[in-house]
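First up is the structure itself, then whatever we jot down about it.
Note that these values count all heavy atoms, side chains included, but never hydrogens, waters or copies made by symmetry. Letters go in sequence order (proteins before strands), and every chain restarts at 1.
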Protein chains: 4
Amino acid sequence: MIDQAQQFASDNYAGICPEAWNAMAEANSGSATAYGDDDWTQRASDAFRTLFGTECEVFFAFNGTAANSLALASLGQSYHSVICSSSAHVETDECGAPEFFSNGSKLLVAQTAGGKLTPEAVRGLATSRSDIHFPKPRVVTITQPTETGQVYSVAEVRALSATCRELGLRLHMDGARFAHACATLGCSPAEITWQAGVDVLCFGGTKNGMAVGEAVLFFEPTLAEDFDYRCKQAGQLASKMRFLSAPWVGLLESGAWLRNAEHGNDCAQRVAAAVAGLPGIELMFPVEANAVFLRAPEPVLEALRARGWRFYTFIGGGARFMFAWDADVARVDALARDVREAALAALVEA
Amino acid sequence: MIDQAQQFASDNYAGICPEAWNAMAEANSGSATAYGDDDWTQRASDAFRTLFGTECEVFFAFNGTAANSLALASLGQSYHSVICSSSAHVETDECGAPEFFSNGSKLLVAQTAGGKLTPEAVRGLATSRSDIHFPKPRVVTITQPTETGQVYSVAEVRALSATCRELGLRLHMDGARFAHACATLGCSPAEITWQAGVDVLCFGGTKNGMAVGEAVLFFEPTLAEDFDYRCKQAGQLASKMRFLSAPWVGLLESGAWLRNAEHGNDCAQRVAAAVAGLPGIELMFPVEANAVFLRAPEPVLEALRARGWRFYTFIGGGARFMFAWDADVARVDALARDVREAALAALVEA
Amino acid sequence: MIDQAQQFASDNYAGICPEAWNAMAEANSGSATAYGDDDWTQRASDAFRTLFGTECEVFFAFNGTAANSLALASLGQSYHSVICSSSAHVETDECGAPEFFSNGSKLLVAQTAGGKLTPEAVRGLATSRSDIHFPKPRVVTITQPTETGQVYSVAEVRALSATCRELGLRLHMDGARFAHACATLGCSPAEITWQAGVDVLCFGGTKNGMAVGEAVLFFEPTLAEDFDYRCKQAGQLASKMRFLSAPWVGLLESGAWLRNAEHGNDCAQRVAAAVAGLPGIELMFPVEANAVFLRAPEPVLEALRARGWRFYTFIGGGARFMFAWDADVARVDALARDVREAALAALVEA
Amino acid sequence: MIDQAQQFASDNYAGICPEAWNAMAEANSGSATAYGDDDWTQRASDAFRTLFGTECEVFFAFNGTAANSLALASLGQSYHSVICSSSAHVETDECGAPEFFSNGSKLLVAQTAGGKLTPEAVRGLATSRSDIHFPKPRVVTITQPTETGQVYSVAEVRALSATCRELGLRLHMDGARFAHACATLGCSPAEITWQAGVDVLCFGGTKNGMAVGEAVLFFEPTLAEDFDYRCKQAGQLASKMRFLSAPWVGLLESGAWLRNAEHGNDCAQRVAAAVAGLPGIELMFPVEANAVFLRAPEPVLEALRARGWRFYTFIGGGARFMFAWDADVARVDALARDVREAALAALVEA
């Protein structure tokens, strides 16, 4: 158990939310058919179809690394490439999983602001080479919201998908924190995904309040052909599937999926507002989801650490704070206060 | 939810046992560091080391397909082969996962009685080819107990490992129901694994009462080098790891891991004893774990189905009944009674 | 250099035939564009299209292992399976290459007579499992002629392809000695391939008189999509491609491809006729191509070895003789004489 | 056949040199054991050992893509990474082959001048991450000479290998034009490879005057364990191996390997000297091997094309000329003259 004060380092540090937990508890009575042929899995799949207002194909994987990698592998072959941002999680933090699952697909990386791809960046990478000595671009993946908390607008996704269609590329959305994007945009999940031209979405459950598990949604059913075999072969088919699907029932049917995300977003806004205009303190990225990236003088960061706060740090004096579904507002405010005090103290000393 | 009467089709149909559940509940308070750097994971790993009486390296994977495939892949290269029984789960029911994780290792299959490999079978396959046109044997995998419920004795495992050492092969144990083997043998986990020459064990949690999760134990630490990277790349690293490790704490520290297995084994023995000597009924395999395979005339199987019993069937009139940690003894006895009645009724009609 | 007497051990022991050599010599004047964008490659591709009377897509790979593995990989995904005979070269002598190139496709093996698959065998394997725990059958591969020299008739291939179509399977032909089958059947290459329902053919050049190289012919162009990328990524794109394609021009335009095969077949027939009816000598397989498999008492085989003959031996007293494009008829007759003498001598001694 | 004038676009456009051709012709008499168990292959391997003055392990692959990818794959696992220059051929022109052969190893790319890695660049990439979410660096690959014709000095390679040893990395040398580097340095092959700390060298034959084929040399024999199986499984074992090995005998025993390279280098120097100081013309890179990269105004490039010269062009007005073993000195001088004339003409018009 770590100190509560440390909990803003990652939204993976949070536990299971009550709605997910209660669904697991309810699922844990009696027997159920294995491998997804059970009522809970049916109900979870239906809940996704209802939420997205379309007959999508739904699969459940254990984690985001696998969900993204399986989805990307299904959209191309080993000699195809995947266009992504240089800060995309698939590029920076999945230990080569996309390359492993696809048996060698190369990631083509665009330098981007805040991790957001643009139609121009996609076009540039997709058209820079057309000889067989370089992997043929076939898929674009965007993270919504990005790893630094930027949210693509519906118009931006539409523009990207239009470019993809023109260039014969598929569009994949890594939605590890998809709910947070929906909360920010205030739009329906449908609007920002299939209605905007997204082919496949990985909807993150872990950061949304579950113990484990992500959902892969194919909006074009033909793309999902034999995807169940792919999951099985790759070690991503749960035998007691109900414990992977029931939490989704809890999250989706209760609306907790959105409330949890809104809470995280609100906490981030709270901190952002509190530190606005502080001397020497700067937001490294606009706060559009549940993350706050602060640039601050080293003495300020030192002072925060001294008060027990834990956070990821980056080159150049950056500090990342992530707010989970269970972030304690009093602690959030305490953090904001400590930033303010440390900033002012640093000013005096300087 | 399926009818309780159906629950003997598979031990994957059972839920989470109280000891595992309570540990998860306890783990679900407050925050914890992600990716296994938490107290629960440390405690679970230590519990394994205590149980096995050795400083083994412990990793947690989501399911048995992945655990086995990752372990096998770590013991060889793509151009090596894996010797297994023709009824081994890795050969028959993992959709090519061992081949996928290893990037192409071939399984060399021995026809065996009850799924048990012998030193002779291993030697035969390992020495039949020694040219570069055929994958070089490098690993032997045995399932303990086998898929049909046979248990390797300590002497048998020792004999196999001696042959492996002589031939330069590693020995892997697929212990999807490892606890059941320990319960049958009455030996310590150490005796039947590393003390008998096993290099790597996949210890099954799911069939032992957990929601999800298997443990991979390397008894020779050098074999575990960078295995954590392997797991991560293959999508088998849980971010909220505590929910994968805490149930192990619940199972291991309480002794439930063994009690659960003993209960399943006892139920199987109960049925085996009750049907012994029934006309037309035959045990297809000795009952040494939690499975009973009956050979019975089709009218008997029909009669059982008509009474609501569900079971896997096989060519030649076989029926498999599996008894989970939560098998209801009254229902078990009801099954035995129904088999008896159906057998006698069939006799009368014949 | 090995003794000429040894040359019947394998048709891989032969050199380059004059027609192939001369084309290489001619190609070796001046410069040519690399990677297949040259006149020789165009001309070789056109020669294949003319020979097969159809607009097939033609690719050149370095050897049969790669050609077959690339072709099979292009017809399925890693979680699909390939149905083949138990004596298929892809199963027995390619060191797991099909599994490697496909990233894990499983070979489903049928026990067959003389290596020939039947519609029944295909149907049996293709329909035995339909759950996601076992790789989904997607491709059937047949070797024409088989590894033991049996030739599929046009009717047999048609029957196989009809079954494939019914079951949603693709049909691949491993034609390492394809020319020999054409010589035996007396049919056009078209009749025994695309007109009979074959989707992809690997046409062997090495055993047909080349130094190195096989051709992969896709009769349905859509199946060939991006196959050039697949070849490149797998290390099968020759930079100085003309030296891989020019020999084909030499073989195909001159008719040597067929003459070479006819010569090998004739030699095999010559031996088969000479040993017919000899006491204790038995043909293990009907002689339909350029191989003769003799079953003979060990003393006979010993006597042959003592006279300097080299051949592959098999369990149960089998000896394989392969006759290449350059087999010396006098030596072939000498072999036949020695078999006869050894057989009679053994008879006397017995 | 392309116009001779075009031959400076690539050294892959050249044919087979007489020494290689004659060895092939000689090898093409009679039969020889297949798969490398022949005298020519033994002799070629020995010639490498003599040339390098050490008992290295020698393997023959069909092309550079495969040779490099197999070598890199043998030095790490899928979850390891390979450090290379951003202009390394393995990164830019092998269609993801290194990722394919290794089943997912990531290439970590350093921005470099002229494609040369430095100890600092290696250290930077090797130490930037040490968590399991990113592939663990295990191998460094350098191209000698680089893709733009820069040659690493012995001291530079030594400095790199020292850094590699310190950081637990293996050092691989892509020697597609290795002979050219030796010619430039005037050192022995041993000095610039194993004596300088290189673990594995891919020695290019194609650009050195062969039809097809590269050699892979392991200077530390334990690294070569089972590499023959790796080659076989990956479709890189030639059945008629003598035709891959004999040309090496021709090149190495005659000294043509070095003469061919010296000729290419000399032609490049000839052009470089001729264009030095021309107005508007600039050498993009120092000329240290057989390539000349010119930066020239577009009208100059246009004029050259109008006169029939063909060359690869690059962003910013670059033109690449490559001089093969058979470059015609008269044509080389003609090219130099035309560059001069075009440059002066452009000056007048401006």
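Residue E99(D) does not touch chain C at all, counting heavy-atom pairs closer than 4.5 Å. Only the backbone of M210(D) comes within less than 4.5 Å of a heavy atom in chain C; its side chain stays farther off. Residue contact with chain D, scored on non-hydrogen atoms closer than 4.5 Å, is absent for A67(C). Heavy-atom distances place no part of N68(C) under 4.5 Å from chain D, backbone and side chain included. Looking at S69(D), there are no atoms closer than 4.5 Å to chain C (heavy atoms on both sides), in backbone or side chain. Neither the backbone nor the side chain of D228(C) comes within less than 4.5 Å of any heavy atom of chain D.
Under a 3.5 Å cut-off, the side chain of Q233(D) and the backbone N or O of F101(C) do not form any donor-acceptor pair. Between the side chain of K232(D) and the main chain of D93(C), a donor-acceptor pair closer than 3.5 Å is present. Distance alone, capped at 3.5 Å, is enough to place a donor-acceptor pair between the N28(C) side chain and the I16(D) backbone. Remark: side-chain polar atoms of N63(D) are paired, donor with acceptor, to backbone N or O of L237(C) under 3.5 angstrom. Side chain of K240(C) to main chain of T206(D): a donor-acceptor pair is present (N/O by atom type, distance under 3.5 Å, no hydrogens or angles).
Considering every non-hydrogen atom in both G235(D) and T65(C), the closest pair reads CA-CG2, 4.0 Å. The two atoms that bring Y13(D) and A34(C) nearest to each other are CE1-N, 3.3 Å, heavy atoms only. Scanning all heavy atoms of the two residues, the minimum distance from C95(C) to Y229(D) falls at SG-CD2, 3.8 Å.
Comparing G64(D), A238(D), A25(D), A61(D) by heavy-atom pairs within less than 4.5 Å of chain C, the highest count is held by A25(D). Between chain D and the residues A66(C), A324(C), P98(C), A97(C), the largest count of heavy-atom pairs under 4.5 Å involves A97(C).
Using bins of under 30°, 30° to 60° and over 60° for the plane-to-plane angle, the ring pair F62(D)/F62(C) lands in the parallel bin.
Taken to the nearest 0.5 Å, the OG atom of S31(C) stands 10.5 Å off from the CG atom of D11(D).
Close placement of the F100(C) and F100(D) rings is indicated, their centers lying within 6.0 Å of each other.
No side-chain heavy atom of V212(D) sits less than 4.5 Å from a side-chain heavy atom of L244(C).
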